[in-house]
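These numbers come from a predicted model, not from an experiment.
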Amino acid sequence: MKRQAIFSCLTCTPEGNAGICTACCLSCHDGHEVLELWTKRNFRCDCGNSKFREFSCKLSPNKDVENVENSYNHNFKGLYCTCNRPYPDPDLQEQEEMIQCCMCEDWFHEEHISLGSPNEIPRDEEGEPLYEDFICKACSAVCSFLTLYPKTIRATGKQPVASVATGKDKSVLEDIPPKDEPGKLDNDVCSDTVQNNLVADMNHDSVSDDKKFVVGESSQSNDSSSLSQSSANSNGTCILGVDWMAASIDSESRPLFLSKNWRDVLCRCDKCLDMYKQKHISYLLDKEDSIAEYEKNAKQKREEKLQKREGAELNFFNNLGHIEKMEILNGIADFKDEFRSFLGSVDPSKAITAADVNQIFENLKNKRRRV
């Protein structure tokens with residue numbers, strides 16, 4: 001799948017070399033020591049394959065022997081960041097905030113992302129992030145070409161963010177800094193050329209909207225995204241206007257904080273598409289790849305399911321007679337009273353046991369008998 005929640009079962013695969021989906025976590029590994037890894041892109045569930053030896057998947061027993069396109073890191077052992085520590089860290093009283101790299105998908109402590117200070121992380125006055133994606137120091141070496149784009153794609157304080165319009169006259173970057181102003185490209189040699197080409201291409205509808213490329217998905221393949229040749233720059237001219245392979249790019253890798261809609265600004269000429277493919281980073285062109293989009297879609301699906309379920313429950317209730325309706329409403333009121341009474345009497349320093357829960361329902365039964 002493009003992106004899904006993944007878990008690691010240390011009971012079955014203590015080596016941390018396998019991942020399982022949510023359904024298998026609940027159905028096949030109940031009671032096991034399971035780690036929640038949040039989401040991983042282009043991943044297929046390993047449950048029941050050769051890595052699990054004699055263990056068979058209850059939901060889909062006929063699995064491939066191995067998912068060769070899956071990638072694994074130390075997260076599957078419950079370790080994170082360059083410090084290789086677990087989360088939550090048992091040696092810390094207060095857990096430190098962590099940030100996920102949008103490329104390797106590892107999580108990093110703020111003090112370990114190779115910045116001079118955590119205060120350099122783009123945030124507003126209330127501490128909320130001003131960036132859309134983070135790329136760690138190691139992964140930034142893979143996409144060093146990003147330094148050839150105007151600094152508006154990078155989030156630094158209250159800097160204007162990149163945006164894309166859906167109208168005919170598309171505008172990719174807002175407030176591109178003039179070449180004589182601070183905030184120009186890191187690469188001074190090609191900054192003028194890049195900006196001139198960007199502006200020229202934008203005026204000629206050179207940057208596509210989301211509909212200009214197609215993303216496919218296959219149940220038999222992990223990375224099944226396919227980008228059509230109808231790209232931002234249909235004339236095949238790179239919007240950077242330079243040979244980035246030969247351009248002088250700062251060799252020192254630095255972590256990157258990228259502003260909103262930065263993916264929409266990326267060039268989609270044939271040359272750049274080939275480069276993304278060679279580096280195995282074509283997913284950067286897929287807007288649905290981002291965590292923000294994943295959460296947005298998940299929330300929408302959840303709300304649709306709730307509305308559908310609430311509609312079914314309401315129809316069921318409306319079809320009942322008056323007596324049945326009153327019985328249900330009285331039962332709900334009795335449960336609320338009993339539960340409220342239990343919370344008022346329970347010792348907050350002690351754990352709630354199964355016996356406590358059974359006692360709640362026993363009290364409700366006795367009350368019903370008396371009625």
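- Not one N or O on the side chain of Ser253 forms a donor-acceptor pair closer than 3.5 Å with the backbone of Ala138.
- The side-chain heavy atoms of Ile239 and Leu266, taken from C-beta on, include no pair separated by under 4.5 Å.
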Show every donor-acceptor pair shorter than 3.5 Å between a side-chain atom in residues 311-319 and any protein atom, with sequence neighbours excluded, or say none if there are none.
from, atom 1, to, atom 2, distance (Å)
Asn315, ND2, Gly311, O, 3.2
Asn318, ND2, Leu314, O, 3.2
Asn319, ND2, Asn315, O, 3.0

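- Between Arg3 and Glu105 there is a salt bridge, since at least one side-chain N of the basic residue sits less than 4.0 Å from a carboxylate O of the acidic one.
- The two residues Asp356 and Ala351 have their closest heavy-atom pair at OD2-O, 4.1 Å.
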Would you list the atom pairs, donor with acceptor, under 3.5 Å between side chains in residues 84-92 and any protein atom, with sequence neighbours excluded?
from, atom 1, to, atom 2, distance (Å)
Asn84, OD1, His74, ND1, 2.5
Arg85, NE, Asp89, OD2, 3.1
Arg85, NH2, Asp89, OD1, 2.8
Arg85, NH2, Asp91, OD2, 2.7
Asp89, OD1, Asp91, N, 3.0

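- Taking 4.5 Å as the limit, every side-chain heavy atom of Leu37 sits out of range of all side-chain heavy atoms of Phe7.
- The environment of NZ in Lys277 is sparse: at most 12 heavy-atom neighbours from other residues, nucleotides or ligands sit within 6.0 Å.
- Tyr276 and Phe145 have tilted rings, their planes meeting at an angle from 30° to 60° on a 0 to 90° scale.
- One finds the CG atom of Asn17 at 12.5 Å from the CG atom of Asn73 (value rounded to the nearest 0.5 Å).
- Remark: the Asp274 side chain and the Gln278 side chain contain no N/O donor-acceptor pair separated by less than 3.5 Å.
- Side chain of Asp30 to backbone of Leu26: no donor-acceptor contact under 3.5 angstrom is found.
- Between Arg263 and Asp286, no side-chain nitrogen of the basic residue sits less than 4.0 Å from a carboxylate oxygen of the acidic one, so the salt-bridge criterion is not met.
- Side chain of Asn67 to backbone of Glu69: no donor-acceptor contact under 3.5 angstrom is found.
- In this structure, Leu285 is a member of the same hydrophobic cluster as Met103, with clusters built from ILVMFWY side-chain heavy atoms closer than 4.5 Å.
- With rounding to the nearest 0.5 angstrom, the CG atom of Asp106 is 4.5 Å from the CG atom of Asn75.
- Using a 4.5 Å cut-off between side-chain heavy atoms of Ile, Leu, Val, Met, Phe, Trp and Tyr, with links allowed through other members, Phe342 and Phe335 fall into the same hydrophobic cluster.
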### Task
Start with the C-alpha gap between Glu338 and Lys365, add the side-chain angles, then the distance that decides, and say whether salt bridge (Lys or Arg N to Asp or Glu O under 4.0 Å) holds.
CA-CA 11 Å; Glu338 184 63 33; Lys365 287 181 181 179; over 6 Å; no
List the atom pairs, donor and acceptor, that lie under 3.5 Å between side-chain atoms in residues 53-61 and the rest of the protein, sequence neighbours left out.
from, atom 1, to, atom 2, distance (Å)
Arg53, NH2, Cys12, O, 2.9
Lys58, NZ, Ser27, O, 3.4

#### Entry: Pair Asn358-Glu362, side chain to side chain donor-acceptor pair (under 3.5 Å): steps then yes or no
CA-CA 6 Å; Asn358 290 332; Glu362 188 63 31; over 6 Å; no
### Query
Checking salt bridge (Lys or Arg N to Asp or Glu O under 4.0 Å) for the pair Lys63/Asp46: CA distance, chi angles, key distance, verdict?
CA-CA 8 Å; Lys63 294 278 186 77; Asp46 290 317; over 6 Å; no
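- One distance of note links CD of Gln4 with CE of Met1; it measures 5.0 Å at 0.5 Å rounding.
- Note: Phe257 and Phe134 have tilted aromatic rings, judged against thresholds of 30 and 60 degrees for the angle between ring planes.
- In the model, Glu66 has no side-chain atom that pairs as donor or acceptor with a side-chain atom of Asn49 under 3.5 Å.
- In this structure the side chain of Met275 never reaches within 4.5 angstrom of the side chain of Lys271, judged on heavy atoms.
- A salt bridge links Lys2 with Glu288: the distance from a Lys NZ or Arg NE/NH1/NH2 to an Asp or Glu carboxylate oxygen falls below 4.0 Å.
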### Message
Assess the residue pair Arg340 and Asp337 against the criterion (salt bridge (Lys or Arg N to Asp or Glu O under 4.0 Å)); give the C-alpha distance rounded to whole Å, side-chain angles, the decisive distance to 0.1 Å, and a yes or no.
### Response
CA-CA 5 Å; Arg340 190 179 294 112; Asp337 292 340; 3.2 Å; yes
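- By the criterion of side-chain heavy atoms lying less than 4.5 angstrom apart, applied directly or through intervening Ile, Leu, Val, Met, Phe, Trp or Tyr residues, Phe108 is not grouped with Leu79; the two fall into different hydrophobic clusters.
- The environment of Lys51 atom NZ is dense: over 12 non-hydrogen atoms of other residues, nucleotides or ligands sit within 6.0 angstrom.
- Within the model, atoms CD of Gln359 and OG1 of Thr353 stand 10.0 Å from one another, a figure rounded to the nearest 0.5 Å.
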### Full working for side-chain contact (heavy atoms from CB on, under 4.5 Å) between Ile135 and Cys143
CA-CA 9 Å; Ile135 298 179; Cys143 53; 3.8 Å; yes
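- For the pair Glu111 and Glu96, the minimum side-chain heavy-atom distance is below 4.5 Å.
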#### Entry: Cys47 vs Cys21, side-chain contact (heavy atoms from CB on, under 4.5 Å): CA-CA, chis, key distance, verdict
CA-CA 8 Å; Cys47 179; Cys21 67; over 6 Å; no
### Query
Passes side-chain contact (heavy atoms from CB on, under 4.5 Å), Glu293 versus Asp289? Steps please.
CA-CA 7 Å; Glu293 193 69 18; Asp289 173 79; over 6 Å; no
### Task
Evaluate side-chain contact (heavy atoms from CB on, under 4.5 Å) for Ile328 paired with Leu320, printing each intermediate quantity in order.
CA-CA 10 Å; Ile328 291 177; Leu320 296 176; 3.4 Å; yes
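- Side-chain contact between Cys272 and Cys238: present, with at least one pair of heavy atoms (C-beta onward) separated by less than 4.5 Å.
- Ser8 places a side-chain N or O within 3.5 Å of a backbone atom of Phe76 that can act as its donor or acceptor partner.
- Inspection of the Lys40 and Asn70 side chains reveals no N or O donor paired with an N or O acceptor under 3.5 Å.
- Side-chain atoms of Asp334 never come within 3.5 Å of backbone atoms of Leu364 as a donor-acceptor pair (strictly under, hydrogens ignored).
- A distance of 10.5 Å separates SG of Cys136 from CD of Gln100, quoted to the nearest 0.5 Å.
- No continuous path of ILVMFWY side-chain contacts below 4.5 Å connects Leu115 to Met98, so the two sit in separate hydrophobic clusters.
- Ionic pairing of Glu327 and Arg368 is present here: one or more N-O contacts between side-chain nitrogen and carboxylate oxygen are shorter than 4.0 angstrom.
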### Task
For Phe339 and Phe361, run ring-ring contact (aromatic ring centres under 6.0 Å, His included): C-alpha distance rounded to whole Å, both residues' side-chain angles, the deciding distance at 0.1 Å, then the answer.
CA-CA 9 Å; Phe339 190 65; Phe361 287 98; 9.5 Å; no
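- Thr82 is not listed as a side-chain neighbour of Ile113, based on a closest heavy-atom distance of 4.5 Å or more.
- Under the 3.5 Å distance criterion, with hydrogens and angles disregarded, a donor-acceptor pair is assigned to the side chains of Trp262 and Asp133.
- Ile291 and Tyr131 are assigned to two separate hydrophobic clusters, defined by single-linkage of ILVMFWY side chains at heavy-atom distances under 4.5 Å.
- Rounded to the nearest 0.5 angstrom, Ile153 CD1 and Asp264 CG are separated by 11.5 Å.
- Contact record, Pro129 with Arg123: CA-CG, 4.2 Å, taken as the closest heavy-atom pair.
- Between Ala18 and Phe52, the shortest heavy-atom contact is CB-CE1, 3.7 Å.
- Using a 4.0 Å cut-off between a side-chain N of Lys or Arg and a carboxylate O of Asp or Glu, Arg154 and Glu132 do not qualify as a salt bridge.
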